[in-house]
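Both counts, for ligands and for their atoms, begin at 1 and track the order of listing. Nothing fancy with the numbering, it's 1 onward along the sequence.
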Amino acid sequence: MTIEFTPWPEPMARRYRDLGYWEDKPLSDVLRVSCVKRPSATAIICAHRYFSYTDIDRLSNNLAQSLLARGLKPYDTALVQLPNIAEFYIVFFALIKIGVVPVNALYSHQRLELTAYAQQLHPTLIVASASHPLFSEGSFLEDLKREIPSLQQALIYGENHYADLLEDGLNFPEQIAQLEPTPAGEVAFFQLSGGSTGTPKLIPRTHNDYLYSVRRSAELCGLGPQTRFLCALPAGHNFTLSSPGALGVFDNGGTVITAPDPEPFNCFSLISQHQINMVALVPPAVALWLKAAEAHRDKLATLSLMQVGGANFAESIARRVPEELGCQLQQVFGMAEGLVNYTRLDDDDPLIFCTQGCPMCPDDEVLVVDENCQPVPPGETGMLITRGPYTIRGYYKSGEHNQAAFDAGGFYRTGDLVQRDGNGYLRVVGRQKDQINRGGEKIAAEEVENLLLRHKSISQAALVAMPDDLLGEKSCAFLVSSDPDLRPLVLRKYLRDLGVAQFKLPDKFKFVRSLPLTPIGKTDKKKLRKVLREKAVTSK
Ligand code: J2J
């Protein structure tokens, strides 16, 4: 049995191969090439631990063999949740090498998110860390196994009393079987969608499309053996994994240094200690770094490139990056579904500071259209739709949602409102999808609303974005409740107890008698957002 996904039409697939975008190689090729060229170079520095390319290859082979010995086979799936540690990459490569198809949950995800992914994927294996509250003891795993009968194997990183140790798999001694990834035209792993619907969607990425995205990104960003990349955003996020991210660094024989998060003081120490020259950040982290650099700029001497993406980045802050941090800025506008835009390293300042770049591939088809799907003139605002050699054609097992998310020609409706100049450079000016972008962390409004509506005294709920100086946006829940004594504290605890990730908890609750409606009877979120914007202005 293979993993289902919506394939590209044959003529396009042929074109992508003919043009060399699709190489028909497995994603683990990024490790293979550097093992050949730079076997003893340092691939990963994780706290005090150093791993060469040969180490990563050997450890991932060991784990792969141990998983085969446990009965895992190609096209099985795995649910993985690890923090930013070397083992994240070792597990990723081990699974890819034997054709087991993982999804990497974010470390901030909790019971609800992990369960939703497991319900969709029916994984055979779970890999997680005992440092996460869900896995500090065995009860969640027991529950999950009960609910998902396919889940046979669990490997937990770190001391625990209920499951096998991931560390034992890494030290597995025997070499028995030949390792065989899935074919390059098939699904290598799943990315996570920021989402706008009730259930989080999974994004099937093939070896071919992802490897292209990594290699083209690395070329465009000038990566080489000299690259020393700080991975401070979640390791599994599309940005830090592939734009060009850690995979791009591995492919070029450079070094990835892991940090648990972008907290500036720790990151600045790592930068000076390891001569880091490149980092990828979301805008709120840049703001924190600018503040910290007032006293500690000397620690950033080696930093030459800062990529910023994931959320709206104000021009005024963008301009401060080279001046105050002493490094070049690159804006990145990407999405886990595929399309990635970059400002180029040799672009003029106005493009670097005022745009989010242009598509990386000549065969990225990008249209900016109005409500009738007609292209808008350059400079005007429209909806961004796209297809191309590394943009998916459908979410995993989401027939109905795919009807809405993709048009008849296979274009992905990104839900982003953009303006495009005559040279193809894009500016992200808004959003049409029902999502809150909380400093780069995406919240599907409907998912949180559905959880709130499960509360016995809430009859209506609407989650909308409200402006925030640091995060760009925070979330506000407008609620109609039958209980006049219902308090935000109680609701936050209620949501936490349901098992939802902390970043999805509404930052503010507003109790109202009724929600405003549009002429056709939907909740008028525009009006709610306007109320919040006006309130923000008057309270300043
Ligand atoms: C405004 N909005 C942006 C930007 C993404 C590289 C970089 C980021 C992501 C990512 C990624 C933005 N300015 N510069 O996958 O490979 C918003 C848009 C977009 C959504 C995608 C990558 N960069 N966004 O953020 O899948 O709304 O990917 O559609 O998490 O983030 O979110 P995600």
Side-chain angles (χ1 to χ4, degrees), residues 104-106 108-109 190-196 200-203 205 209-210 212-214 216-218 220-221 231 233-248 279-286 306-315 317-318 321 329-343 351-361 364 366 368 381 383-386 388 390-392 395 405 412-419 425-445 465 471-473 501 503:
N104 296 306
L106 297 177
S108 57
H109 282 153
F190 291 94
Q191 260 299 355
L192 303 178
S193 160
S196 54
K201 297 278 178 287
L202 293 170
I203 299 174
R205 300 293 305 248
D209 87 74
Y210 213 69
Y212 171 71
S213 175
V214 167
R216 174 65 186 135
S217 298
L220 201 138
C221 298
C231 177
L233 299 176
H237 191 271
N238 202 48
F239 189 9
T240 33
L241 193 62
S242 70
S243 296
L247 295 185
V279 65
L281 293 180
V282 287
V286 180
M306 174 176 287
Q307 301 180 293
V308 181
N312 200 32
F313 193 40
E315 184 195 330
I317 312 279
V321 168
L329 169 68
Q330 178 179 52
Q331 296 216 37
V332 189
F333 164 37
M335 51 206 75
E337 286 81 357
L339 180 72
V340 188
N341 303 274
Y342 295 93
T343 56
L351 287 177
I352 291 179
F353 296 137
C354 311
T355 81
Q356 281 65 60
C358 64
M360 66 168 148
C361 175
D364 278 322
V366 168
V368 184
T381 300
M383 299 176 283
L384 173 66
I385 65 171
T386 184
Y390 62 99
T391 297
I392 56 155
Y395 292 102
Y412 166 55
R413 298 190 169 104
T414 65
D416 291 314
L417 295 175
V418 301
Q419 294 169 353
Y425 277 72
L426 300 168
R427 248 180 248 254
V428 185
V429 295
R431 193 178 323 125
Q432 197 198 19
K433 55 192 164 193
D434 200 4
Q435 186 184 76
I436 291 124
N437 191 335
R438 196 178 183 279
E441 291 187 302
K442 317 299 185 314
I443 304 167
L471 295 174
E473 293 176 10
F503 71 86

Handout entry: Chi angles and distances behind the side chain to side chain contact (heavy atoms under 4.5 Å, CB included) call for Val340, Phe239
Key = CA-CA 9 Å; Val340 188; Phe239 189 9; over 6 Å; no
Exercise for the section: Might you work through the side chain to side chain contact (heavy atoms under 4.5 Å, CB included) test for Tyr390 and Met360, ending with a clear yes or no? Expected result: CA-CA 10 Å; Tyr390 62 99; Met360 66 168 148; 3.3 Å; yes
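No side-chain heavy atom of Gln435 sits under 4.5 Å from any side-chain heavy atom of Ser193.
When the side chain to side chain donor-acceptor pair (under 3.5 Å) test is applied to Thr381, the partners found at least two apart in sequence or on another chain are Gln419. Evaluation of the salt bridge (Lys or Arg N to Asp or Glu O under 4.0 Å) rule for Asp434 yields Lys525 as partners, not counting sequence neighbours. Take Cys358 and apply the side chain to side chain contact (heavy atoms under 4.5 Å, CB included) test, not counting sequence neighbours, and it matches Arg344, Tyr425.
Sorted by chain then number, the residues whose non-hydrogen atoms approach ligand 1 to under 4.0 Å are His237, Asn238, Phe239, Ser243, Gly309, Gly310, Ala311, Asn312, Val332, Phe333, Gly334, Met335, Ala336, Val340, Gln356, Asp416, Val428, Lys433, Asn437, Lys442.
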